[in-house]
Amino acid sequence: MSHPALCELLNVEDQKIFKYLGSHDVEDNKDVKSGYSITFNFNPNPYFQNTKLTKTFTFLEEGTTKITATPIKWKEGKGLPNGLDHDKNGNKRVVLILGCLNFYFQFFSTLIL
């Protein structure tokens with residue numbers, strides 16, 4: 001990734017995966033105030049089987065946001081096993097879904113905020 005801001009958000013493995021990103025789309029719900037979806041369209045790749053990954057944000061009346069996402073169908077040995085990632089020195093670290101996302105593809109977890 002050539003943009004410095006993106007490089008800070010993505011680890012080395014994320015950057016390898018994003019080389020297979022063909023395009024992305026943002027679509028508002030029919031009632032724009034109720035939410036939107038972001039779809040990432042991937043070319044065939046050695047990391048996962050999906051060609052589309054979608055994250056949907058739905059704004060609920062009680063002021064919460066429901067976030068749903070396409071489950072990633074990781075190819076064998078390519079996913080984030082047991083919620084662990086490795087830092088730049090090769091040390092294992094636990095990745096938290098809420099908080100700093102050290103693994104971009106955790107973005108495709110389902111949450112209610």
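Aromatic rings from F42 and Y47 are positioned such that their centres are separated by 6.0 Å or more.
The ring-ring contact (aromatic ring centres under 6.0 Å, His included) search around Y36 returns F57, not counting sequence neighbours. Under the rule for a side chain to side chain contact (heavy atoms under 4.5 Å, CB included), the partners of S34 that lie at least two apart in sequence or sit in another chain are N29, D31. Not a single side chain to side chain donor-acceptor pair (under 3.5 Å) links T58 to another residue, sequence neighbours left out. Partners of E76 under the side chain to side chain contact (heavy atoms under 4.5 Å, CB included) rule, at least two apart in sequence or in another chain, do not exist in this structure. Not counting sequence neighbours, the partners of Q49 by the side chain to side chain contact (heavy atoms under 4.5 Å, CB included) test are K73, K75. K16 is linked by a salt bridge (Lys or Arg N to Asp or Glu O under 4.0 Å) to E13, counting only residues two or more places apart in sequence or in another chain.
For the atom pair CG (L53) and NE2 (H24), the distance works out to 13.5 Å, reported to the nearest 0.5 Å. With rounding to the nearest 0.5 Å, the separation of OG1 in T70 from CZ in F40 is 10.5 Å.
In this structure, I17 and N45 have side chains that are not in contact, with every pair of non-hydrogen atoms separated by 4.5 Å or more. With a 4.5 Å cut-off on side-chain heavy atoms, P46 and Y20 count as touching. Between N41 and L21 the shortest side-chain heavy-atom distance does not fall below 4.5 Å.
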Full working for side-chain contact (heavy atoms from CB on, under 4.5 Å) between N50 and I72:
CA-CA 7 Å; N50 312 66; I72 297 176; 4.1 Å; yes
Before giving the answer on side-chain contact (heavy atoms from CB on, under 4.5 Å), spell out for T65 and L60 the whole-Å C-alpha distance, their side-chain angles and the decisive distance to 0.1 Å.
CA-CA 6 Å; T65 302; L60 306 174; over 6 Å; no
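Heavy atoms from other residues, nucleotides or ligands lying under 6.0 Å from CD of E61 number 12 at most.
Taking each heavy atom of S37 and T54 in turn, the nearest pair found is CB-CG2, 4.1 Å.
A donor atom on one side chain and an acceptor atom on the other are not found under 3.5 Å apart for D25 and T39.
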